[in-house]
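First the structure, in the form of structure tokens, and then the observations on it.
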Amino acid sequence: MARSNDEVAALFAEYADLISITGGDAFKARAYEKAARAIGGHHAELSGLDAKGLQEIPGVGRSVAEKVVEYFRDGSVSAVEELRAKIPAGVRRLTAVPGLGPKKAHVLYEELGIASVELADAVHAERLRDLKGFGPRTEERILHGIDLLRSAGGRVLIDVAMDTAETIVGALSGVTGCRRCAYAGSLRRVRETVGDLDVLVAAEDSAPVMRAFTELPYVAEVIAHGPTKTSVRTSEGLAVDLRVVRPQSWGAALQYFTGSRAHNIRTRELAVRQGLKLSEYGLFDAESGELVVSETEEDVYARLGLPWIPPTLREDRGEIEAGLRGGLPDLVTEDDIRGDLHTHTNLTDGLAPLEEMAAAAAERGYAYYAVTDHGPDMAMQRMTDERMLAQRERVRALDGRYGPGRGMRLLHGAELNIAPDGEVDWPAAFLAGFDLCVASVHSHFDQGREALTRRIVRACENPYVHVIGHPTTRIIGRRPAIDADLDAVFAACARTGTALEINAHPDRLDLRDEDILRAKRHGVKFAVDSDAHAVVHLANLRYGIGTAQRGWLTADDVINTWPLTRLRRFLRKRHGR
DNA sequence: GCCGTTTTCGGCCCGACTGTTTTCAGTCG
């Protein structure tokens, strides 16, 4: 179940769409979009606020506040219901078809009564032929868009996007005349999924780069082709936009194409208030049109009165305000990480033996590395006390080879299974032998909110559980997060000194950024772990770090950036009670 | 509908590309 904030945000986002579709005031629609964003990102539960408290949220005025109050009182908002009665939900879904916006969707509904992807039949029946604004190319685009919508479902996981982006950047960087090349967009902001790639090139002459781009072997289709922008689709179905700008515009362009859209709106507003105009070509004097700065992102932000803002913060979640008052967090980076605290070997479901995993970890320059294979409750892993103790002997022997004094200490741990009642695999006496325990939910996801919450809180209260692994157990695009009262879990973590994992596996990224922000307010500490089941997975940590940054975390918030002595204190302290 | 170093009315981010236009609206990011 969603937080009430998310419910209300979704309601206003829908209202904004309905206003656009019915041809209402575009500024009114934008005001509701803005209110939806502000409410979705607000840290406090909306249901606890009165009209006055609501209006203190920026972007929420009298009218929005009244509708929020109405929603909590009646369970619905009459203004939204009125528009819903006029416009079937299918019309709004039509705007998800690329090339169909609110205006065309509305024309289709008003003129032909079309309110679903039955639209494809209408195109084939040539019913769109007489509509104003609809030509043969529009028909083609619509059919193509419906196909894509049906097949792909849109976004790809971040590792897929990253592989493609790094390949393209590598290829274009070698083209003659290419001065700089980088990916921007949601990938640079390290969003968990990516809808399309934005690649940026600085060159005096765009033609050679554009040509090289459309001729890349994995480009399946050229969607649009112009002197400054070319859009293609790769054979994997991923859309890639390439923009070429003059080298002197690099900073402004990189800033612009990195987004997010909401962040850009805020920076442009800042510019306007100072008599400036910000575009992808630079920061200009609004009156004379003269260029002020454009060469680096730092220049652009500095002229607006801001420090350089890391891309992972650019979501209009308070980074502008924090920057203006000099209060941006000193974000955790991959270089801060001293070790990985959740990894597997082939003793359970990993692919590589202990020695190979340890060697790869040492290669990454870690100061410590925890091996945490599954306990016996994950029955298919055939774990026994004897096997686990035998592994411990091997870990201790290997530790003699890597440390002390030789760089990396090996820690022996386990990934425990949190049973439906909150118990874990072993009794206290056996657990006491581990250096560290991660505990995770692996089954019984549908227990109900109360039982799930109790279950995880109970695991936190176990003095030998140090980290809650992949706390919501979601699999992006496949399994939703469990319906637990996360605020209660966060409070329990803070109270018991249990860290929450930021699982860096690209199909988990769990906790997610918004939950991290909330957990941090509870005073929780975090562990950014790879959950590696193979040597190559260790490098996934970068995505966990990006997610931690999106949650505004500093190195001090992340226990595996700490020196080993401080980490050991964290792992020990709850045993003394 | 929101908001205020352009303050209680009159703005609201900006530009590229496409298709159907004959000067521009719609869509997208």
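These numbers come from a predicted model, not from an experiment.
Between A:Ile223 atom CD1 and B:dG19 atom C1' the separation is 16 Å, expressed in whole Å. Here B:dC28 presents its C1' atom at 13 Å from CZ of A:Arg233, a figure rounded to the nearest Å. Note: CG (A:Leu94) to C1' (B:dG26) measures 16 Å, nearest angstrom. Whole-Å rounding puts the A:Lys28 NZ to B:dC3 P distance at 16 Å. Between the CZ atom of A:Arg266 and the C1' atom of B:dC3 there is a distance of 12 Å, rounded to whole Å. Atom CD in A:Gln255 sits about 14 Å away from atom C1' in B:dG29, given to the nearest Å. Rounded to whole Å, atom C1' of B:dT21 lies 15 Å from atom CZ of A:Phe134. The distance between atom CG of A:Leu270 and atom C1' of B:dG4, rounded to the nearest whole Å, is 15 Å.
Residue-level contact check: A:Arg62 touches the backbone only, with heavy atoms under 4.0 Å from sugar-phosphate atoms and none from bases.
Expressed to the nearest 0.5 Å, how far CG of A:Asn264 lies from OG of A:Ser279 amounts to 11.0 Å. Here A:Ile309 contributes atom CD1 and A:Gln255 contributes atom CD; the two are 8.5 Å apart, rounded to the nearest 0.5 Å. To the nearest 0.5 Å, the span separating NZ on A:Lys86 from OH on A:Tyr109 amounts to 11.0 Å.
The one candidate from A:Arg266, A:Arg37, A:Arg550 that meets the salt bridge (Lys or Arg N to Asp or Glu O under 4.0 Å) condition with A:Glu315 is A:Arg550. Screening A:Glu280, A:Glu204, A:Glu295 for a salt bridge (Lys or Arg N to Asp or Glu O under 4.0 Å) involving A:Arg246 leaves a single residue, A:Glu204.
Across the P atoms, B:dC17 and B:dT6 are found 33 Å apart, a figure rounded to whole Å. Between B:dC14 and B:dC9, the distance separating the two P atoms is 25 Å to the nearest Å. Rounded to whole Å, the C1' atom of B:dT18 lies 15 Å from the corresponding atom of B:dT23. One C1' atom belongs to B:dC3, the other to B:dT8, and the distance between them is 10 Å to the nearest Å. When the P atom is compared between B:dC13 and B:dC2, the two are found 15 Å apart, to the nearest whole Å. As rounded to the nearest Å, B:dG15 and B:dG10 have P atoms that lie 25 Å from one another.
For the pair A:Leu131 and A:Ile57, nearest-nucleotide mapping onto DNA chain B gives the more 5' position to A:Ile57. The residue among A:Pro136 and A:Ala31 whose nearest nucleotide of DNA chain B is located toward the 5' end is A:Ala31.
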- [ ] Any chance you could list the contact pattern along nucleotides 12-17 of chain B? Use B for base contacts, S for sugar-phosphate-only contacts and - for none, protein heavy atoms under 4.0 Å, 5' to 3'.
- [x] BBBSSS
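Ring geometry for A:Tyr15 versus A:Tyr32: interplanar angle over 60°, hence perpendicular rather than tilted (30 to 60°).
The side-chain heavy atoms of A:Leu128 and A:Leu112, taken from C-beta on, include a pair separated by under 4.5 Å. Side-chain contact between A:Trp250 and A:Leu200 is present, with at least one heavy-atom pair separated by less than 4.5 Å.
Nucleotide B:dT8 forms a pair with no other nucleotide shown, judged by Watson-Crick or G-U wobble geometry with both contacts under 3.5 Å.
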